[in-house]
Protein chains: 2
Amino acid sequence: MKEKATSFDIAHRAGVSQSTVSRALNNSPLVSQQTRDRVVQIARELNYKVDKNASNLRKQKSNTLALLLFEDPTTDDSLINPFFLSMLGSITRASANAGYDLLVSFQNMADDWHAEFEDSNKADGIILLGYGDYRSYRSKLARLEEQGTHFVRWGAQDKDQPGVNIGCDNYQGGFQITRHLIAQGYQNIAFVGECGEQAPEFKARYQGYRDALNTHHLLPATPLQYDAFSTEDSGYAAMQHVLNSPTLPRAVVCASDLIAIGALDAIHEAKLKVPEDIAIVGYDNIPVSGYTSPGLTTVRQNTTRAGELLVTTLINAINKQQVYDYLMPAELIIRRSCGAKESD
Amino acid sequence: MKEKATSFDIAHRAGVSQSTVSRALNNSPLVSQQTRDRVVQIARELNYKVDKNASNLRKQKSNTLALLLFEDPTTDDSLINPFFLSMLGSITRASANAGYDLLVSFQNMADDWHAEFEDSNKADGIILLGYGDYRSYRSKLARLEEQGTHFVRWGAQDKDQPGVNIGCDNYQGGFQITRHLIAQGYQNIAFVGECGEQAPEFKARYQGYRDALNTHHLLPATPLQYDAFSTEDSGYAAMQHVLNSPTLPRAVVCASDLIAIGALDAIHEAKLKVPEDIAIVGYDNIPVSGYTSPGLTTVRQNTTRAGELLVTTLINAINKQQVYDYLMPAELIIRRSCGAKESD
DNA sequence: CTGAAAGCGCTTACAG
DNA sequence: CTGAAAGCGCTTACAG
């Protein structure tokens with residue numbers, strides 16, 4: 001095990017000062033080409049790497065982004081929502097492309113997550129990812145902002161929240177997919193998914209659903225809305241409720257694919273057919289949604305683009321540039337579960 | 001934007017020396033309870049966090065693990081193999097539980113990845129994750145070892161490789177799933193997946209397949225093996241090959257679920273039925289495999305356990321403890337694609 | 001273009 | 001139990 005080389009070792013061998021080594025390696029213009037070449041050469045021979053801790057300490061920045069994954073408190077301990085898993089993948093890739101390291105962490109609302117990363121200089125900025133109610137940590141977000149910590153949120157737009165937000169247009173997605181069902185001729189359309197303040201994404205999708213129905217004068221007298229959060233089990237239970245209600249809806253808009261998959265199970269168990277007896281649509285376009293029987297009509301959120309947007313927005317913020325909220329368009333993905341021909 | 005507090009600020013307010021602050025905050029026994037309480041109290045008030053860069057620089061360790069994801073060179077830029085995505089999830093969780101931060105990074109065989117992390121003190125150790133041929137970076141692994149860098153590999157056991165290895169018993173998995181097909185009465189069984197040195201995992205699965213056939217005297221005169229790497233497209237193409245061959249096999253062992261899913265597409269396109277006309281089995285038990293039509297019989301690798309093993313093994317290595325290779329058992333998951341009753 | 005020096009914010013022997 | 005001091009390995013004004 002060789003001792004690790006430092007900039008002094010290189011300086012010694014190159015016959016220059018340590019300052020010059022540092023400059024040469026950092027592409028400072030204040031070094032002659034000749035000196036730089038020699039230093040770089042020796043650094044390579046010695047397999048030298050700049051010590052990031054020392055460099056970061058001195059520069060007071062880390063070239064690292066932190067990703068905070070908030071978990072659905074209801075999720076099984078060993079599973080991550082597939083949608084966020086795919087976001088994780090695209091964020092990882094986007095940070096790498098931007099030359100930043102990515103620190104990944106799960107959060108269970110630990111007391112001091114708001115300070116943990118930037119105050120400790122582990123990261124230059126934070127990406128907050130997770131469904132749910134940012135209101136509950138509103139004060140923490142405010143504190144982040146007050147401390148000058150850079151962060152971006154993924155989720156539902158909310159003018160009231162501190163910080164920049166990147167999200168997908170949940171209202172439009174809910175509207176579109178409901179309108180699509182209406183265009184198929186369905187009238188009696190239910191919604192499965194909680195839609196209170198604690199679930200702003202679902203709430204926006206629900207609003208889109210309602211407005212689409214309203215536009216076509218199909219809004220039922222009593223709302224056909226059933227609570228469920230984003231797990232298969234919850235979707236399964238909610239759909240059993242639906243199936244036990246006096247009048248069976250002809251179509252169901254589920255607030256997420258996970259819910260829709262659970263609903264599918266409940267329907268099959270009841271020996272009913274999708275879409276013949278009841279049509280089902282989901283939301284998210286998680287990988288599995290293309291493989292259910294029948295394939296799920298759903299709304300895609302472009303995770304690749306989302307990852308890029310989150311990362312570039314955060315980096316811009318770190319570099320003191322003006323940054324803006326961004327609302328990505330939703331994209332309808334039509335498969336068989338809605339009863340449309342796939343070419344529709 | 002408040003200035004960030006340092007240990008000196010706390011020392012000043014507490015009327016003690018900065019050394020004492022550091023000790024108090026690091027739970028050193030060399031501090032009176034009274035002093036510690038006061039320091040901790042003030043630290044909280046000032047919202048103080050230890051600067052990790054300074055602390056790491058001084059301690060020469062980072063409390064961070066690096067995860068290097070090697071990509072299948074054949075994979076689409078925006079997609080990660082779902083199996084590795086699920087490993088990523090479990091490794092993230094396991095590191096967090098162990099109190100380590102996790103730095104995630106993709107690798108395209110950049111020249112100096114072997115030194116990038118530990119030499120730069122960004123991480124205390126490295127987890128190498130990715131299918132493929134470790135032989136091609138054998139020299140780099142050797143260098144890692146020589147430099148005293150701590151690392152664990154996920155993948156096929158290989159006595160020739162430097163470093164510790166955690167993996168799942170690919171041979172046993174291939175054997176079991178093939179034996180299962182034989183038990184269903186199939187005789188003419190093909191294998192789809194490359195099985196050369198560059199794909200050690202697939203190779204081991206193929207060996208298991210062959211030995212199972214051999215045990216039952218079913219080994220064909222000419223090997224029924226078709227190359228494919230782990231993507232749907234490649235599986236689709238390979239299965240078209242199979243379907244064009246003079247005698248159609250009755251069952252096909254695919255080296256991965258992704259391959260099997262592509263194969264399923266090719267078979268359905270040819271208007272054949274699974275499992276009636278031809279049985280298909282996969283490997284990995286990726287989430288989608290439960291939702292294909294029919295559901296895929298496959299081999300599960302316990303990713304939760306794998307993540308924990310990788311992390312704890314690496315941490316043990318970092319702490320200078322003796323560490324060992326570990327081979328996890330494979331686990332047969334029976335669904336409809338093999339023609340068995342699910343309760344089989 | 002180069003060097004000598006200060007200092008980033010800690011931890012930890014050393015001395016009491 | 002506590003404090004004064006050294007030093008981790010860099011980057012960057014400052015002076016030439």
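- Heavy atoms from other residues, nucleotides or ligands lying under 6.0 Å from CD of A:Gln34 number 12 at most.
- Residues that satisfy the side chain to side chain contact (heavy atoms under 4.5 Å, CB included) test with B:Asn27, not counting sequence neighbours, are B:Arg36.
- Of the N and O atoms on the side chains of A:Thr303 and A:Ser86, at least one donor lies less than 3.5 Å from an acceptor on the other residue.
- Considering OH of A:Tyr324 and OG1 of A:Thr313, their distance stands at 11.5 Å, rounded to 0.5 Å.
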Check against side-chain hydrogen bond (donor to acceptor under 3.5 Å, both in side chains), B:Thr35 and B:Ser32 = CA-CA 5 Å; B:Thr35 309; B:Ser32 71; 2.6 Å; yes

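- Just one of B:Leu102, B:Ile91, B:Leu103, B:Ile126 meets the side chain to side chain contact (heavy atoms under 4.5 Å, CB included) condition when paired with B:Leu65; it is B:Leu102.
- At C:dG3, one or more side-chain N or O atoms of A:Thr20 fall inside 4.0 Å of OP1 or OP2 (strictly under the cut-off).
- Between the CH2 atom of A:Trp154 and the CG atom of A:Leu309 there is a distance of 8.5 Å, given to the nearest 0.5 Å.
- Qualifying side chain to side chain contact (heavy atoms under 4.5 Å, CB included) partners for A:Ala98, counting only residues two or more places apart in sequence or in other chains: A:Tyr100, A:Val311, A:Ile315.
- When the C1' atom is used for both C:dT12 and C:dG16, the distance is 16 Å, rounded to whole Å.
- Qualifying side chain to side chain contact (heavy atoms under 4.5 Å, CB included) partners for A:Thr6, counting only residues two or more places apart in sequence or in other chains: A:Phe8, A:Asp9.
- Distance, B:Asn27 CG to D:dC1 C1': 16 Å, rounded to whole Å.
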Between the protein and nucleotides 8-10 of chain D, which nitrogen or oxygen pairs come in under 3.5 angstrom?
from	atom 1	to	atom 2	distance (Å)
D:dG9	OP1	B:Gln60	NE2	3.4
D:dG9	N2	A:Ala54	O	3.3
D:dC10	OP1	A:Tyr48	OH	2.8
D:dC10	OP2	A:Ser7	N	3.0
D:dC10	OP2	A:Ser7	OG	2.6
D:dC10	O5'	A:Tyr48	OH	3.0

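- Residues from residues 29-42 of chain B placing a heavy atom under 4.0 Å of any atom in DNA chain D, listed by number, are B:Pro29, B:Leu30, B:Val31, B:Ser32, B:Thr35.
- Rounding to the nearest 0.5 Å places OG of A:Ser105 at 7.0 Å from CG of B:Asp101.
- In DNA chain D, runs of at least 3 consecutive Watson-Crick or G-U pairs, each pair with both distances below 3.5 Å, span C:1-3 with D:14-16, C:5-12 with D:5-12, C:14-16 with D:1-3.
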